[in-house]
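What follows is a short report on a single structure.
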Amino acid sequence: MKKAFIIQRGKKSDFDIPPEWDLLTFADSNVQPADEDLRDLIRKAIENPIRSPFLRDCVSHFDKVAIIVEDITRASPKRLILEVLLEELDVCHIPSEHISVIISLGTHRGLTPEEMESTFGK
């Protein structure tokens, strides 16, 4: 059985990965591919889902879409991910008034308008 760990609130917790899980890779947050643009990597991920239909095959211009994003306490390229995802939804002809973005705060405080704009854009 493979071992893994998660760090939450500064505490490291070990856990076993069940053998029936199809583990694709372990993430190394310190490594970023130097030969590809991050926007291109995000686009490739959206265009090549793992064990899921293509987004373009799942939505129509009549649908309403909710996108859940993490708050500012998590280090990720959330603005880029959101931009690329919105571009993909535009290609799918989803009207902007049919798209809601939900910021997942968990137990964290709400974001100020300035934090929202600097993190996610207008």
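None of the values given here were measured: they were computed from a predicted structure.
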Legend entry - For D16 against P18, the heavy-atom pair lying closest together: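 The pair with the smallest heavy-atom distance is O-CD, 3.4 Å.
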Legend entry - Minimum heavy-atom distance S52-P49, with the two atoms named: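 So the two residues come closest at O-CG, 3.3 Å.
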Inset, instruction - Spell out, yes or no, whether F54 and L86 are grouped together once hydrophobic residues are joined by side-chain heavy atoms under 4.5 Å, including indirect joins. - result: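 No, F54 and L86 fall in different hydrophobic clusters.
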Legend entry - Verify same cluster id: V101, V84 (apolar side-chain graph, 4.5 Å):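 Yes, because V101 and V84 connect within a single hydrophobic cluster, where side-chain heavy atoms sit under 4.5 Å apart.
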Do [X] and [Y] have side-chain heavy atoms sitting under 4.5 Å apart?
X	Y	result
L111	F120	yes
R79	T119	no
R56	V91	yes
S104	E70	no
E115	R109	yes
I67	V69	yes

Legend entry - Ionic contact status for K78 with E83, cut-off 4.0 Å: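 Result for this pair is no, no salt bridge flagged.
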Between [X] and [Y], is there a donor-acceptor pair closer than 3.5 Å when you use the side chain of the first and the backbone of the second?
X	Y	result
H108	L105	yes
D63	S60	yes
D57	P53	no

To the nearest 0.5 Å, how far apart are [atom1] in [X] and [atom2] in [Y]?
X	Y	atom1	atom2	result
L89	I99	CG	CD1	4.5 Å
L80	D37	CG	CG	7.5 Å
I81	I46	CD1	CD1	8.0 Å
I72	T112	CD1	OG1	7.5 Å

Legend entry - Residues that, via side-chain heavy atoms closer than 4.5 angstrom, fall in one hydrophobic cluster with I102: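 The other cluster members (ILVMFWY side chains, heavy atoms under 4.5 Å, direct or chained) are I68.
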Legend entry - From CA spacing to verdict: side chain to side chain contact (heavy atoms under 4.5 Å, CB included), H98, V65: CA-CA 6 Å; H98 285 199; V65 177; over 6 Å; no
Legend entry - Crowding at CZ, F15 (>12 non-hydrogen neighbours, <6.0 Å):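 Yes, because the 6.0 Å sphere around CZ of F15 holds more than 12 heavy atoms from other groups.
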Legend entry - Test side-chain hydrogen bond (donor to acceptor under 3.5 Å, both in side chains) applied to E87 - qualifying residues, sequence neighbours left out: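 Partners of E87 under the side-chain hydrogen bond (donor to acceptor under 3.5 Å, both in side chains) test: R39, R43.
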Legend entry - Non-neighbouring partners of E47 that pass side-chain hydrogen bond (donor to acceptor under 3.5 Å, both in side chains), sequence neighbours left out: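 Result, side-chain hydrogen bond (donor to acceptor under 3.5 Å, both in side chains) vs E47: none returned.
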